[in-house]
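Take a look at the structure below.
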Protein chains: 2
Amino acid sequence: MTATPVNTPRLDGYRMPAEFEAHRGCWMLWPKRGDTWRLGAKPAQAAFAEVARAIRQFEPVTVGVDRDQWENARAVLPDEIRVVEISSDDAWIRDTGPTFVVGPDHRLRGVDWQFNAWGGLNGGLYFPWSRDSLVAGKVLAIEGAGRYRAPLVMEGGSFHVDGQGTLITTKECLLNPNRNPGLDRLQIEACLKDYLNIEKVIWIDKGVYQDETDGHVDNLCCFTAPGEVLLTWTDDPGDPQYERSRKAFDLLSTATDARGRRLTVHRIHQPEPMAATPDECRGLDVSETAKPRRAGDRLAASYVNFYIANGGIVMPLFDDPRDRDAADLLARLFPGRNIVGVKSREILLGGGNIHCITQQVPSGGNRP
Amino acid sequence: MTATPVNTPRLDGYRMPAEFEAHRGCWMLWPKRGDTWRLGAKPAQAAFAEVARAIRQFEPVTVGVDRDQWENARAVLPDEIRVVEISSDDAWIRDTGPTFVVGPDHRLRGVDWQFNAWGGLNGGLYFPWSRDSLVAGKVLAIEGAGRYRAPLVMEGGSFHVDGQGTLITTKECLLNPNRNPGLDRLQIEACLKDYLNIEKVIWIDKGVYQDETDGHVDNLCCFTAPGEVLLTWTDDPGDPQYERSRKAFDLLSTATDARGRRLTVHRIHQPEPMAATPDECRGLDVSETAKPRRAGDRLAASYVNFYIANGGIVMPLFDDPRDRDAADLLARLFPGRNIVGVKSREILLGGGNIHCITQQVPSGGNRP
């Protein structure tokens, strides 16, 4: 039923659909660790629950929860959100969950990447990550989907696909020696082609400034449609993000995708630079085995870190004057989808945002 | 999706099918506690895996496993058995799992009984039982089945139904003051009628001698078909079981079921009385919060404690000369089903047998 296939998705004719294709549902995990999430994770849980409720307007949502939080999550989340027991080290299912691929028969399988907590003992964010490593397999068992075990240390947030053969990623992350030191760029490309069934990889240099994932592309830019990319941006040349976004813009504007199309690059201006406050950091557990989170640390805030649901976009809001412009732009880029904003500072404080805490399950059979 | 309905199964037109009706599959849990299962539960795990494999010949099997045993269970069990994370205090899903009921639209829901570890602080088998209490809800979430929360302390092993309105149980268990001291027999009957949608309760005095569940009926007798009951038996008047089985036989032979039929009572002779050995008991963890298991304790061995699968019977074997006769009788009583025996002493040592560690999911819509 959930046996590991011997071949690769490419050999079996499976491909990863784009996030904007139709979904069967969405998976999330429930935050609880006190050294990532302040005040015993209660504010983060409220924010995650708000994201889950927002997505549930559009598609089914399942939340995986540690045994000690099951009763609490079950009570906090509305009945129509499914809660199942899945233990984890933290709550980033974009990175620890499976990457779903769809077969020619519309069957669903999943790719289970190697996970090392964003860099292992060489810059990773916490130790151990043994429970995170099992999340993808457990999700696939519940979904009844076969599991491809990929030989690559990788996180789901480090790439985006257009569903038509093109993948975008960053060198900062995927070529980082703390991920796959034994593999060169061509070998990594070959593996991406085998496991996601893509034809072309577009390599951006760097992700968002101070992004603790080593520059995951899902905080920097994403496909909004085949041939169309949305990039986080700043008009301020004095902002360290300026050079990063400028270079990505230049690269993307001149790149062609797997089908030979030039990409249209839309820019979405970032919110005002923001940092964690002393009061926020005081609410964290002290830990010797997790990244310290200090007052004044710049937060890698980006509007690109949204989730595309069936008929909807669930986007982060930062209580920033640019929230409105960002929502308006997304409404134009995603005609026919309702834009729902969720105040996401509590998620951002933990090091990510809405896209990082969600994982779509494609419905398959809906290639646009 | 898995909301708790406001009504009872009876009001909603749901009923519990008999075990011999068609199944969608079977649930089990994975044993691990060292004070129930000797040698770190390794022999018990091997026996449970054998039961799972036997049932898997006939229908899908899902095994719920504690997070710390997930990798081990996943490795030990064959790929075609689904493994999901469900924590529990022990592995008796007959008693801690949901009792599935089927609606007129063939929809599946489940009854989640109150659980107190077979008697709570007044004769129960271990403390705490907080994880066991959540098992039913977690199974129902994964099955996508609504949950009825019943106001009765009860275990699934304490009753059997014929799927046509009749329930059999024992006074020793259901009227035990360590279960529902505030309810009398009529109130308990009313609750059973509401939650299982049955019409008639047949009360047997006592279950099997030395059965630590306070005489669960599923170790004493069961329905093999509407109007037909199978009862564990001994020809030895000196055996403490003799009087118990004799009384049950007399009662059942004169009882009528919900449809007014007289019951046909088949007898299946128990194996020779057996006890835990000193060597077996030495392999157990010492515990102050669980029932002690001592060398010389008689084991409540009964052939009735089998599982009825689609097209099969998975029955306990005791390395006893009567194993063969028991299998032959089951073959006659269940024409068209294959009889598969599993050596179950390691399960028996923990206090139950194959029926106690399994829970069927009816397919519905197949009322015989």
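To find a chain, count down the sequence lines: A is the first, B the second, and so on, and within it residues start at 1.
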Check: Taking everything shown except Arg107(B) itself, do over 12 heavy atoms lie less than 6.0 Å from its CZ?
Finding: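 Counting other residues, nucleotides and ligands, CZ of Arg107(B) stays at 12 neighbours or fewer.
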Checklist line | Atom CZ of Arg53(B) with >12 non-hydrogen neighbours under 6.0 angstrom | finding: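 Yes, enclosed.
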Check: Who are the side chain to side chain donor-acceptor pair (under 3.5 Å) partners of Gln360(A), not counting sequence neighbours?
Finding: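 Gln360(A) satisfies side chain to side chain donor-acceptor pair (under 3.5 Å) with Arg94(A) once adjacent residues are dropped.
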Next item on the list: Mind checking the OG-CD spacing from Ser130(A) to Glu71(B)? Nearest 0.5 Å is all I need.
Entry: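 Taking OG in Ser130(A) and CD in Glu71(B), the distance rounds to 7.5 Å.
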Next item on the list: Enter the distance from Arg74(B):CZ to Leu134(A):CG here, rounded to the nearest 0.5 Å.
Entry: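 Interatomic distance, Arg74(B) CZ to Leu134(A) CG, rounded to 0.5 Å: 12.0 Å.
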Checklist line | Minimal non-hydrogen separation, Val83(B) against Ala141(A), with atom names | finding: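 Residues Val83(B) and Ala141(A), closest heavy atoms: O-CB, 3.3 Å.
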Notebook entry, point to check: Closest heavy-atom contact between Asp66(A) and Arg67(B)?
Noted result: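 The answer is OD2-NH1, 2.9 Å.
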Check: Ion pair present between Asp68(B) and Arg131(A), side-chain N to carboxylate O less than 4.0 angstrom?
Finding: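 Answer for the salt bridge query: yes.
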Notebook entry, point to check: Can you name the residues that form a salt bridge (charged side-chain N to carboxylate O under 4.0 Å, His left out) with Arg109(A), not counting sequence neighbours?
Noted result: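 Per chain and number, Arg109(A) pairs via salt bridge (charged side-chain N to carboxylate O under 4.0 Å, His left out) with Asp12(A).
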Check: Looking only at atom types and distance, does a side-chain atom of Glu85(B) sit under 3.5 Å from a main-chain N or O of Ser87(A), one as donor and one as acceptor?
Finding: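 Present.
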